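Okay, so here's the structure we're looking at.
Order of the sequence lines fixes the chain letters, A, B, ..., with proteins taken first and strands second; residue numbering starts at 1 for each chain. It should be emphasised that the depicted structure is a prediction, and the values quoted were computed from it without experimental measurement.
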Amino acid sequence: MGNCFAPLSPGSSDSEGNPAASSSRRPQITTTTATNTGSPSEQRIRAESGSNTNQDQDQVPIQGRPERRKSRLNKHSRSSSILSLGKSININMGGGPPLDALRNYATLANPSQSLSASKLLLTTRNTIAVFDQYPKAKYHFLVLPRYPFTSQLNPDSKKSIVPLDTLNDLKSLLLKADRESREEILLALENTSREVEEMIRDEMLKTEGFEWKIDIGFHAIPSMKHVHLHVISDDRISPSLKTKKHHNSFRPDLGFFIDIMEVKRWIEDDSNMRERVDAMYDAKRLLDTPLTCHKCDEFMTNVPKLKTHLEKHFQEERATALNNIARHGRQRSSDEEMF
DNA sequence: GTTCTAGAAC
DNA sequence: GTTCTAGAAC
């Protein structure tokens with residue numbers, strides 16, 4: 001527990017699992033300060049594609065996350081922009097919950113042409129990363145497998161290695177996909193999530209001058225169809241975080257949020273997969289866990305108090321990190337803090 | 001998933 | 001009186 005400053009990580013592999021492709025590359029996001037209000041996910045940010053060496057990757061500029069207006073206005077403007085796209089995307093058009101929004105993203109033939117830069121972060125051959133529409137932290141993105149999901153081992157094949165309904169959620173991916181497909185899909189999701197993580201770290205340094213922890217995992221019970229991985233900064237500071245369930249659903253220690261490393265352990269030894277999936281069906285009750293801070297476990301009587309408390313954590317982490325950088329020229333991990 | 005709002009909590 | 005939550009509606 002306590003503050004968790006992750007040390008700078010080395011260059012990631014490319015987004016399809018080829019570590020040699022980008023030994024020292026780190027995706028760059030630049031921020032303009034002109035609209036420097038709201039969470040950084042909502043600020044105007046732009047990727048510099050010049051250093052991109054991955055031919056598979058169709059990385060688009062990250063720019064123009066427009067400022068939010070009142071929700072009703074937002075819905076109207078969203079509907080009209082959707083209508084102007086080449087392919088009709090049914091997001092909340094019927095007044096019901098937008099259950100199919102992610103599936104519509106995942107099945108686009110050409111996401112970088114169809115999706116605006118305020119929705120799309122990047123795409124690869126088999127994955128897509130988008131802004132969470134209601135971010136629950138300063139940085140919050142979703143990574144999903146595209147359909148058709150084609151095999152890297154067979155570059156010319158356009159055929160999906162799994163049927164669409166296998167990609168409904170994590171449960172169906174774990175139970176319906178064969179071992180090889182399951183591993184290939186999870187690896188692609190993980191690699192893209194690491195790419196997103198690096199972009200976030202760059203942005204953290206630019207906007208706040210230090211980096212902080214990022215969590216990567218699945219929800220046991222997702223609210224939208226199509227399996228998706230959350231990449232979320234652990235500040236949990238956002239206007240869209242409004243309820244105890246929101247906060248509990250991202251607590252890394254409860255069981256509702258399942259870290260990607262945990263899922264990787266599951267597929268290495270899949271003898272208990274049925275029990276693990278059954279436990280996921282039962283996870284809903286975890287959201288009713290009493291409200292406590294995910295960093296220090298202090299009990300919180302209500303959500304507004306939690307939000308004030310989390311702001312305090314963040315300011316303290318920031319002060320400690322900036323102090324360390326001033327004194328030692330680098331950020332130190334929480335382990336080093338103990339000595 | 002969000003929004004709305006009745007009634008509980010303060 | 002106001003603030004906040006939880007469940008229904010979407």
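- Taking the centre and axis of the six-membered ring of A/Tyr105, the NZ or CZ atom of A/Lys119 falls outside the cone set by 45° and 6.0 Å.
- For the pair A/Asp169 CG and B/dG1 P, the computed distance is 14 Å after rounding to whole Å.
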Show every donor-acceptor pair shorter than 3.5 Å between a side-chain atom in residues 300-312 of chain A and any protein atom, with sequence neighbours excluded, or say none if there are none.
residue  : atom : partner  : partner atom : Å
A/Asn302 : OD1  : A/Lys305 : N            : 2.9
A/Lys307 : NZ   : A/Ser238 : O            : 2.9
A/Lys307 : NZ   : A/Leu241 : O            : 2.6
A/Thr308 : OG1  : A/Pro304 : O            : 3.1
A/His309 : NE2  : A/His313 : NE2          : 3.1

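- When the side-chain nitrogen and oxygen atoms of A/His246 are compared with OP1 and OP2 of B/dT2, one or more of them lie within a distance under 4.0 Å.
- When side chains are defined from C-beta on, A/Ser160 counts as touching A/Tyr147, because their heavy atoms get closer than 4.5 Å.
- Here the P atom of nucleotide B/dT3 and the CD atom of A/Gln133 are 9 Å apart, to the nearest Å.
- Rounded to whole Å, atom P of B/dG1 lies 12 Å from atom CG of A/Asn248.
- What separates CD1 of A/Ile232 from P of B/dG1 is a distance of 11 Å, to the nearest Å.
- One interatomic measurement links the two molecules: CG of A/Leu241 to C1' of B/dG1, which rounds to 14 Å at whole-angstrom precision.
- Ring geometry for A/Trp212 versus A/Phe314: interplanar angle over 60°, hence perpendicular rather than tilted (30 to 60°).
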Considering only nitrogen or oxygen atoms on both sides, find all protein atoms under 3.5 Å from nucleotides 5-9 of chain C and state each distance.
residue : atom : partner  : partner atom : Å
C/dT5   : OP1  : A/Val303 : N            : 2.7

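- Note: CG (A/Leu306) to P (C/dC4) measures 12 Å, nearest angstrom.
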* Please step through salt bridge (charged side-chain N to carboxylate O under 4.0 Å, His left out) for the pair A/Lys225 and A/Asp169, ending with a clear verdict. => CA-CA 7 Å; A/Lys225 190 153 79 178; A/Asp169 55 25; over 6 Å; no

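- The salt bridge (Lys or Arg N to Asp or Glu O under 4.0 Å) contacts involving residues 280-292 of chain A comprise A/Lys245-A/Asp288, A/Asp282-A/Arg285, where partners must be two or more places apart or lie in separate chains.
- The residue A/Lys136 sits close only to the backbone: its heavy atoms come under 4.0 Å of sugar-phosphate atoms, none of a base.
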